[in-house]
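Take a look at the structure below.
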Amino acid sequence: MSRRVDQTVKDIKSLKVQGARNVAKAGVRAIMYAVEDSRAKTVNGVKADVVKASLKLSGARPTEPMLRNYLDETIEFMASEIAAVKTRSVEKFKEAVIKSENEYLKRMRDDLARLKEYGAAMLTDGMLVVTHCHSSTVTGVIKEAHKQGRELKVVACETRPRYQGRSTAKELARAGLDVTITVDMGIAKFMKKADIVLVGADAINSTGDLINKVGTRALAHLAKDYSVSFFSCAESYKYDSLTLYGVKEKIEERSPKEVWERAPRKVKVSNPAFDVTASRYISGYITEKGVVPPSALSGIAKKKMGE
Ligand code: RUB
């Protein structure tokens, strides 16, 4: 197995690479490493090495359909290449797979650029935006609105236990935004004055429910309490098509040590990475195809993924 693939898996598990988009991007790059580092002498041998890498990558974090969707597309691409061009050399096959991975990265960039436009259009001058964790999609939308000249105030939840909210605060402050960070439960104080809540997405299921960083669900309930609109910024590739067949999105349980390094032996520690927000709490998804209600998300995703 390619050492570079193993390193990527480690970086994803340890959260050195965090957030669904970054995880998916790292996964696509790792597939290129698997292709480049493969010593197989046949096209099918290269394919087997890529499949092995893909299994390792998709197991790194279980709640990441965006990564899995791109890995599945890679495997389908390799199968169709082999079926279409039976006598292709190993070199040519490797080139074709790498080219298609580069196209996936480009598609991700293009989708994000469109999504940022739709999201930024929703943020008007003087708004107070609440967010949670670190979503590169959400920070992208907020920075785009700021670049277009809107004055915004942002409040970020610190996001226990790994404090990804600090990354959000640092990134937005560096971009010149007015940012406040608060302990997770301190957000109630700000919700009264908030205009909009923007969060990311790790997964979206067939009924439009959102799976995102633990604490998102409580935030959505609070937003409803104060009649604040609640949107998730998510490319349609966050959709998990397996949920259409009754498969429940798996919620990653992380090490108890992240919560309490040396907890007393009789204290049980729970550390789920994500939670589920029911679609009825979600005003809409901001996607690369526009702002849509939760019920429309699966249709957009299925069309895009060619199901
Ligand atoms: C990050 C998280 C983010 C989504 C979306 O959790 O829940 O909101 O992944 O991020 P973690 P993006 O830090 O555990 O990965 O918009 O960058 O895809």
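Order of listing sets the numbers, starting from 1, for every ligand and every atom in it. All of these numbers come straight from a predicted model, not from anything done at the bench.
Closest protein heavy atom to atom 13 (O) of ligand 1: Q18 NE2, 2.6 Å. Atom 16 (O) of ligand 1 has as its closest protein heavy atom T137 OG1, 2.5 Å. In terms of protein heavy atoms, atom 17 (O) of ligand 1 is closest to S136 OG, 2.6 Å. Remark: minimum distance from atom 18 (O) of ligand 1 to any protein heavy atom is reached at R21 N, 2.8 Å. The protein non-hydrogen atom at the shortest distance from atom 7 (O) of ligand 1 is D202 OD2, 2.8 Å. Among protein heavy atoms, atom 3 (C) of ligand 1 sits closest to N212 OD1, 3.5 Å.
The distance criterion of under 3.5 Å between nitrogen or oxygen atoms is met by G19 with respect to ligand 1. Geometrically, ligand 1 and A20 share a nitrogen or oxygen pair separated by less than 3.5 Å. For ligand 1, one of its N or O atoms has an N or O atom of R61 under 3.5 Å away.
Under 4.0 Å from ligand 1, the heavy atoms of C133 that appear belong solely to its side chain. The proximity of R162 to ligand 1, defined as any non-hydrogen pair under 4.0 Å, does not occur for either the backbone or the side chain. Using a 4.0 Å cut-off between heavy atoms, K238 contacts ligand 1 through its side chain alone, with no backbone atom that close. At a heavy-atom cutoff of 4.0 Å, ligand 1 is contacted by both the backbone and the side chain of K213.
Contact annotation: N22 has no heavy atom less than 4.0 Å from any atom of ligand 1. Ligand 1 lies within reach of A201, whose nearest heavy atom is under 4.0 Å from it.
Atom-to-atom distance recorded for M78:CE and S54:OG is 7.5 Å, nearest 0.5 angstrom.
Cluster annotation: F230 and V276 are assigned to distinct hydrophobic clusters (Ile/Leu/Val/Met/Phe/Trp/Tyr, side-chain heavy-atom contacts under 4.5 Å, transitive). The same ILVMFWY cluster, assembled from side-chain heavy atoms under 4.5 Å apart, contains both I98 and I31.
Considering only heavy atoms from C-beta on, D184 comes within 4.5 Å of H132 through its side chain. Contact check for R217 versus F274: no side-chain heavy atoms found under the 4.5 Å cut-off.
Using bins of under 30°, 30° to 60° and over 60° for the plane-to-plane angle, the ring pair Y104/Y70 lands in the tilted bin.
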Check against salt bridge (charged side-chain N to carboxylate O under 4.0 Å, His left out), R107 and D110
CA-CA 5 Å; R107 193 196 300 162; D110 293 347; over 6 Å; no

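When S135, S167, A273 are checked for heavy-atom proximity to atom 10 (O) of ligand 1, S135 turns out nearest.
Residue contact check: H134 has heavy atoms under 4.0 Å from atoms 1 (C), 3 (C) of ligand 1. Residue contact check: Q164 has heavy atoms under 4.0 Å from atoms 11 (P), 13 (O), 14 (O) of ligand 1.
In this structure, K289 places its NZ atom where only 12 or fewer heavy-atom neighbours from other residues, nucleotides or ligands lie under 6.0 Å away. The local environment of CD in Q7 is crowded, with over 12 non-hydrogen atoms from other residues, nucleotides or ligands closer than 6.0 Å. R114 CZ: more than 12 foreign heavy atoms inside a 6.0 Å radius.
R21 approaches M108 most closely through the heavy-atom pair NH2-O, 2.9 Å.
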